[in-house]
Amino acid sequence: DLLTLMTELTDKRHQARLLALSAPHSGDWLHALPISTCGLRLDDEAVRVAVGLRLGTKLCEPHQCPCGATVDPEGTHGLACRHSAGRTTRHHALNDLVWRALSRADIPAVKEPAGLLRSDGKRPDGLTQIPWQGGRCMTWDVTVTDTLAPSYLDATSTAAGAAAEGAASRKELKYLALTSTHTFIPLAFETLGPINSKGIDLSFLNWVIASQLAQVTNEKQRFFISDCPSQFSASTPSLFMAVSKSKQTPTPNHSDKFCF
């Protein structure tokens with residue numbers, strides 16, 4: 001069982017990996033039907049990377065990242081490196097999935113609302129334009145943390161989803177001023193799948209999916225909507241490794257832009 005496996009593992013990275021993979025919904029993407037017309041089919045490289053991350057297998061040759069760090073055969077450095085070209089892409093992709101899910105449920109929403117700026121210019125990722133709960137509109141903010149990042153290993157090797165929970169707490173503190181007028185929901189994802197408890201327990205994703213299913217009769221659309229959580233879990237690792245996939249040998253003129 002899980003406890004027995006944990007006691008046999010001595011490497012914190014392996015402990016963190018095992019706990020993350022046992023978290024609710026972290027493996028949902030494995031059950032998604034690979035329907036291309038619904039956007040649920042991963043290409044061969046994305047599957048190789050996603051499965052390799054779960055198993056901790058060799059994904060690349062050891063090399064030096066443009067940031068100066070040494071990348072081991074597991075290739076996970078690019079998931080947390082601040083120089084990675086995929087960081088912005090993965091964030092926008094996940095935020096767009098949230099926005100599209102709300103739109104499909106007939107909940108009008110806008111991304112990066114201009115009227116909710118903080119004093120430092122920061123703003124949440126989205127805002128519903130009709131009340132969500134208790135007469136208040138809902139704002140959300142998406143963030144991604146790396147389960148295997150050295151700064152999180154002490155936490156993620158002892159509790160599944162610890163990095164996601166920590167990131168969600170920081171988001172709540174960051175947008176504390178908004179809670180007096182809006183319902184704020186942080187959506188924190190880890191690279192190996194776990195989602196923060198409020199993203200699940202508050203039934204945010206499940207409520208949106210149920211609302212969509214009630215309005216849809218087309219079978220293909222039902223497959224897409226039902227596998228929406230899998231979309232989040234499956235798209236995350238493939239986006240993280242996109243740079244590794246296409247930039248294995250960056251040219252010197254562009255070495256400051258790519259990290260893998």
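Computation of the quantities below employed the complete heavy-atom set of this structure, encompassing side-chain atoms and omitting hydrogens, waters and symmetry-equivalent molecules.
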Could you tell me the separation between the [atom1] atom of [X] and the [atom2] atom of [Y], rounded to the nearest 0.5 Å?
X	Y	atom1	atom2	answer
Asn95	Thr143	CG	OG1	11.5 Å
Ser36	Asp43	OG	CG	10.5 Å
Met138	Leu102	CE	CG	5.0 Å
Leu187	Leu97	CG	CG	11.0 Å
His14	Leu18	NE2	CG	10.5 Å
Leu9	Thr7	CG	OG1	8.0 Å

Evaluate the side-chain proximity of [Y] to [X]: yes if any heavy-atom separation is below 4.5 Å, no if none is.
X	Y	value
Pro108	Ser103	no
Leu79	Val144	no
Leu153	Gln15	no
Cys137	Thr128	yes

key: hydrophobic_cluster_shared for Ile185 and Leu176, side chain cutoff 4.5 Å   = no
May I ask you to decide if [Y]'s main-chain N or O and [X]'s side chain share a donor-acceptor pair within less than 3.5 Å?
X	Y	value
Asp146	Thr191	no
His63	Glu61	yes
Ser26	Ala20	yes
Ser157	Lys12	no
Glu172	Pro186	no
Trp99	Ala109	yes
Glu190	Ala164	yes
Glu74	Leu59	no
Thr156	Ala16	no

inquiry  = Run Phe189 and Thr147 through side-chain contact (heavy atoms from CB on, under 4.5 Å) and show every step you take.
reply    = CA-CA 9 Å; Phe189 299 85; Thr147 306; over 6 Å; no
task = Show the numbers, then the answer: is there a side-chain contact (heavy atoms from CB on, under 4.5 Å) between Trp132 and Ile107?
result = CA-CA 9 Å; Trp132 173 266; Ile107 302 173; 3.8 Å; yes
key: Qualifying salt bridge (Lys or Arg N to Asp or Glu O under 4.0 Å) pairs with a residue from residues 125-145, counting only residues at least two apart or across chains   = Asp141-Lys171
inquiry  = Using the rule given for side-chain contact (heavy atoms from CB on, under 4.5 Å), can you reason through Val98 versus Val142, listing the C-alpha separation, both sets of side-chain angles and the distance that settles it, and then say yes or no?
reply    = CA-CA 9 Å; Val98 176; Val142 175; 4.3 Å; yes
Just by distance, with hydrogens left out, do [X] and [Y] show a side-chain donor and acceptor under 3.5 Å apart?
X	Y	value
Gln64	Thr70	no
Asp28	His25	yes
Glu165	Ser197	yes
Arg13	Thr76	yes

Can you see which heavy atom on [X] is nearest to which on [Y], and at what distance?
X	Y	result
Cys67	His77	SG-NE2, 3.3 Å
Gly75	Val71	CA-CG1, 3.9 Å
Ala163	Thr145	CB-OG1, 3.5 Å
Pro113	Leu127	CG-CB, 3.7 Å
Ala162	Ala155	CB-O, 3.6 Å
Asp154	Thr158	O-OG1, 3.3 Å

key: Note: Arg48-Asp44 ion pair, threshold 4.0 Å (strictly below)   = no
ask   = Can you list the steps and then say if Leu148 with Arg17 is a side-chain contact (heavy atoms from CB on, under 4.5 Å)?
value = CA-CA 7 Å; Leu148 303 178; Arg17 190 191 313 277; 3.8 Å; yes
